[in-house]
Protein chains: 2
Amino acid sequence: MIDKIDMTILSILQDQGRTSNADIARAVGMAPSAVLERMRKLERKGVIRGFEAVLRPKDVGFALTAFTFVRADEGVGSTDIGKALSRVPGVLETHYTAGQDSYLLKVRARDTEHLQLILQEFGAIPGVRDTRTTVVLTTLKESRSLPLADDAATGRQEQRGTTKEQSKE
Amino acid sequence: MIDKIDMTILSILQDQGRTSNADIARAVGMAPSAVLERMRKLERKGVIRGFEAVLRPKDVGFALTAFTFVRADEGVGSTDIGKALSRVPGVLETHYTAGQDSYLLKVRARDTEHLQLILQEFGAIPGVRDTRTTVVLTTLKESRSLPLADDAATGRQEQRGTTKEQSKE
DNA sequence: GTTGAAAATCGCCGTTA
DNA sequence: TAACGGCGATTTTCAAC
């Protein structure tokens, strides 16, 4: 369903999201139109969900990163509270976890004061029992890049520690 | 240093990373060449770190997401262990935290067996004292998109829960 | 920042294996 | 079904203003 060439295309795009079709075509040794069609298919199937610019958070006013564990009272299988948490601006990620804490959130805030406001918003959501927050001092690596090269030997080597050596926050 | 127009450009790109220069130019009401120059400047200054395709992990063989806390023995201010942890394939994020746990890692693995291997690699790094892992059952939201609209009123409205309604893992 | 023009790319479609 | 090739529309990119 998803062959080696697709893997190479995905591998390129997860690291260099704006690589032109023409360049990808050259990399995989196919006609640009063929690559275009593969990309479309991958997007249509949902394998490619979209493309994001990677910004340096502090440069756009978000100096604080934190992870918050939220314990919630809700029926098994329901994720309504998780959805409500996800809607709070500054919440980048919402994971429903296996532990006793129901949710693990990744949050970005402008400063500690802003973080406090966000935590208050969490508390105001019905069903949220309590929260526990860990503030990040420094982010050493932050990427989406999966080690696709490991399995299919796509020809591209594993990238190490490369991407995003972030500055202090 | 970074004006409202830059913010609009960044806001567009963090959600639609492959938006063409021409489209961005139309959105901000400027000539394409001007937008191109702004983007180049933003990349050169490091505000834009790069572009990533957002892939659905399970479609490329990574069905498991986990967060691992690592306690490490190392001198204050040193992040050598963090760098070693970052080099382990499957480690997407490495955060140095303020808590008693030294590092918080975001990890993606193919399956539980693979996760075990990764945790063993952590344990093999000198200075790593112990690890504690929380497995993610479902990811409700996973994005990089910062609520830039909040501060400067760039004209683009806040995006809610939109991006990435992910399937179970 | 804008304009304008050349080079490259995009993206559709008919053809082919 | 998937890839190729061709071609017009669009975009990228650079120079001059």
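Computed from a prediction, not measured in an experiment: that's the story for all the values here. A, B, ... follow the sequence lines: proteins, then strands. Residue 1 opens every chain. Hydrogens, waters and symmetry mates play no part in the numbers below; they use all other heavy atoms, side chains included.
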Exercise for the section: Would you mind listing every salt bridge (charged side-chain N to carboxylate O under 4.0 Å, His left out) that reaches into residues 24-36 of chain A, with sequence neighbours excluded? Expected result: A/D23-A/R26

Practice task
For a side-chain contact (heavy atoms from CB on, under 4.5 Å) with B/L85, tell me which candidate from B/V91, B/T68, B/L105, B/D80 qualifies.
Solution key: B/L105

Handout entry: B/T79: side chain to side chain contact (heavy atoms under 4.5 Å, CB included) partners, not counting sequence neighbours
Key = A/L140, B/K83, B/Y103

Practice task
Just call it for A/A22: base, sugar-phosphate, or nothing, with non-hydrogen atoms closer than 4.0 Å on any strand.
Solution key: sugar-phosphate

Handout entry: Side-chain H-bond candidate by donor/acceptor type, A/R108 with A/T65, under 3.5 Å
Key = yes

Handout entry: Positional range of nucleotides in DNA chain D within the contact set of chain A, heavy-atom, under 4.0 Å
Key = D/dA2 to D/dG5

Contact list (N/O, under 3.5 angstrom) for nucleotides 11-15 of chain C vs protein:
{"residue": "C/dC12", "atom": "OP2", "partner": "A/R40", "partner atom": "NH1", "Å": "3.0"}

Handout entry: Audit row: B/L55, B/D59, side-chain contact (heavy atoms from CB on, under 4.5 Å) steps and yes/no
Key = CA-CA 8 Å; B/L55 309 183; B/D59 285 0; over 6 Å; no

Problem - Residues in side chain to side chain contact (heavy atoms under 4.5 Å, CB included) contact with B/D3, at least two apart in sequence or another chain - result: B/I5, B/D6, B/R38

Handout entry: Results of side chain to side chain contact (heavy atoms under 4.5 Å, CB included) for A/Q116 - residues two or more places apart only
Key = A/Q120

Practice task
Please work out if B/R18 contacts a base, only the sugar-phosphate, or nothing of the nucleic acid, heavy-atom cut-off 4.0 Å.
Solution key: nothing

Exercise for the section: Give the rounded distance in Å between these two atoms: CZ of B/R38 and P of C/dT2. Expected result: 9 Å

Practice task
Return yes if some donor-acceptor pair links the side-chain N/O of A/Q14 with the main-chain N/O of B/V54 below 3.5 Å, else return no.
Solution key: no

Problem - 5' priority, DNA chain D, between B/T19 and A/K41 [closest heavy atom] - result: A/K41

